[in-house]
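Residue numbering restarts at 1 for every chain, and letters A, B, ... go by the order of the sequence lines.
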There are 2 protein chains.
Amino acid sequence: MRLVVARCQVDYAGRLTAHLPMATRVLMIKADGSVLVHSDGGSYKPLNWMSPPCTVREGQSDDGRVEWTVTAKAAKGQTPDTLRILIDEMFHDSSHNLGIDPGLQKDGVEKHLQELLAEHPATLAAGLTLVRREFPTAIGPVDLMCRDGAGLSVAVEIKRRGEIDGVEQLTRYLDLLNRDPLLTGKGAVRGIFAAQEIKPQARVLAEDRGITCAVVDYDALRGLDNVEDRLF
Amino acid sequence: MRLVVARCQVDYAGRLTAHLPMATRVLMIKADGSVLVHSDGGSYKPLNWMSPPCTVREGQSDDGRVEWTVTAKAAKGQTPDTLRILIDEMFHDSSHNLGIDPGLQKDGVEKHLQELLAEHPATLAAGLTLVRREFPTAIGPVDLMCRDGAGLSVAVEIKRRGEIDGVEQLTRYLDLLNRDPLLTGKGAVRGIFAAQEIKPQARVLAEDRGITCAVVDYDALRGLDNVEDRLF
DNA sequence: GTGTAAATTTCGAGT
DNA sequence: ACTCGAAGTTTACAC
């Protein structure tokens with residue numbers, strides 16, 4: 001890992017064309033040759049970058065300034081990517097041996113929400129019981145397949161944030177499931193769209209299609225499950 | 001901008017819970033208090049981070065090691081975010097004044113593709129002429145509304161990469177447009193799904209719905225338009 | 001490897 | 001301020 005602070009100008013050409021005027025920035029060159037150009041603001045996204053695999057070549061511009069050329073192998077059907085960094089003045093330059101990182105351990109994403117709802121399906125609708133998780137269909141697995149008190153099949157799609165594409169996804173599943181006589185024996189398969197937060201447009205579309213929306217309280221579910229000991 | 005190289009352990013709690021075991025990493029602390037934890041690989045995304053606005057407080061752990069606590073104000077309906085960085089050994093520490101960045105200038109995204117196709121609709125289908133760009137509907141604007149040689153209305157959806165959700169979007173527009181007698185006077189509104197690249201599944205879904213797929217050659221369109229002088 | 005869905009997405013435009 | 005759609009998205013996972 002090499003860290004450089006320099007006044008530089010950056011030009012990118014590849015999937016698009018982009019230009020950064022001369023200014024002072026941080027350049028991070030990772031062991032795999034990837035390069036990140038950061039300013040003193042914004043979020044974690046660099047102003048410009050080059051993803052691995054790529055190679056950095058140090059050269060000189062016409063007027064004798066240092067110029068880095070970072071090139072990546074062209075993906076099929078794409079223009080080859082090039083990042084050109086022209087360095088006007090270097091204020092800092094240091095290299096560090098970091099070693100391999102053990103990596104991130106995560107908890108709390110959709111998968112976990114699915115586990116919790118699989119254990120407590122009745123929080124979605126009274127009388128709901130689980131048939132199986134990841135119920136397979138020809139176009140992909142349904143998050144939860146349940147049965148309600150009347151014996152009707154209920155397909156549940158779970159999202160952290162409920163947006164329009166999640167409703168589309170559930171609609172595709174319902175179209176398919178309702179062609180299966182084994183499931184529709186006692187009546188049409190119902191849909192429940194469950195999310196921690198449901199966007200207004202998604203709600204409108206869901207209700208227009210007869211899909212029930214359920215806003216899920218993640219913390220309350222966690223409480224039901226007493227999973228505090230899973231935390232670090 | 002402060003750059004630190006240190007052996008550290010990182011714990012995040014907020015929208016999810018995440019943990020990074022003790023290892024050597026680069027810590028970037030930006031002027032707005034945001035923090036990035038980078039390893040010597042991966043893409044531009046940090047292993048862990050805290051987005052602005054947030055504040056860093058330097059303290060000590062129980063055993064006397066340096067500990068940074070980064071806190072962000074809780075977003076509505078969310079758990080407050082906290083990033084705890086326990087520093088075992090610091091190998092590098094430097095601060096730099098970068099100033100404000102003039103920012104990135106871009107070219108070549110979907111908007112530009114839409115401009116080019118608006119100028120040359122006939123490249124999508126022979127005889128096609130533009131009615132208007134961003135044609136408004138109740139559920140959002142159609143990228144291009146055109147008319148074909150026979151006087152039929154044609155709705156065009158433009159994507160850089162054509163995936164299944166783009167076809168869904170166009171389908172929703174067509175459903176709606178086909179209820180408007182002003183548009184369907186001479187026959188049903190047709191759909192064209194235009195993209196630089198169309199995924200096989202998206203193509204199948206589109207054709208199943210009677211939507212025409214058009215693969216767009218961006219460079220060729222650019223050539224028609226003679227826009228080389230727009231480049232840097 | 002290809003394809004699909006999620007992300008602590010981030011970013012920008014429009015209302 | 002909020003909402004929606006795009007991103008040089010990146011990342012993880014299933015087939």
- Item | side chain to side chain contact (heavy atoms under 4.5 Å, CB included), paired with B:Leu20, selected from B:Asp11, B:Leu47, B:Leu86 | B:Leu47

- Query: Between A:Arg172 and C:dA5, does any side-chain N or O lie under 4.0 Å from OP1 or OP2?
  - Reply: yes

- Query: Under 4.5 Å between any side-chain heavy atoms of B:Ile87 and B:Trp68, yes or no?
  - Reply: yes

- Query: Just checking A:Met50: base, sugar-phosphate only, or nothing, at a heavy-atom cut-off of under 4.0 Å?
  - Reply: base

- Side chain of A:Ser43 only, please: which of C:dC11, D:dT10, D:dT3 is the nearest? C:dC11

- Which of the following nucleotides, C:dG3, D:dA6, C:dA6, is nearest to the side chain of A:Gln169? C:dA6

- Task: Choose from C:dT4, C:dA6, D:dT10 the nucleotide whose nearest atom is closest to any side-chain atom of B:Lys45.
- Result: D:dT10

- Query: Closer than 4.0 Å, any side-chain N/O of B:Lys159 to the OP1 or OP2 of D:dA6?
  - Reply: yes

- Please give, in whole Å, the distance from C:dA6 C1' to A:Ile158 CD1? 14 Å

- Query: Are A:Asp143 and A:Arg133 ion-paired here, with the side-chain N under 4.0 Å from a carboxylate O?
  - Reply: no

- Looking only at side-chain atoms of A:Glu157, point me to the closest of C:dA6, C:dC11, D:dT3. C:dA6

- CD1 of B:Ile198 versus C1' of C:dG3: gap in Å, rounded? 16 Å

- Query: Would you call A:Asp40 and B:Lys30 a salt bridge, using N to O less than 4.0 angstrom?
  - Reply: no

- Task: Using only side-chain N and O atoms of A:Gln201, determine if any of them is under 4.0 Å from OP1 or OP2 of D:dT3.
- Result: no

- 5' precedence on DNA chain D between A:Lys199 and B:Gly42 (nearest-nucleotide basis): A:Lys199

- Query: Within this structure, what is the CG-to-C1' distance between A:Leu47 and D:dA7, rounded to whole angstrom?
  - Reply: 15 Å

- Task: State which of C:dT10, D:dA6, D:dT10 makes the closest approach to the side chain of B:Ser51.
- Result: C:dT10

- Query: Heavy atoms under 4.0 Å, any strand shown: does A:Pro141 hit a base, just sugar-phosphate, or nothing?
  - Reply: nothing

- Item | Length of the line joining A:Arg161:CZ and C:dA7:C1', which is rounded to integer Å | 8 Å

- Are any non-hydrogen side-chain atoms of A:Val142 and A:Gln169 less than 4.5 angstrom apart? no

- Query: Contact class for A:Tyr12 (heavy atom, under 4.0 Å): base, sugar-phosphate, or nothing?
  - Reply: base

- Message: Tell me the interatomic distance from A:Glu197, atom CD, to D:dC4, atom C1', rounded to whole angstroms.
- Response: 13 Å

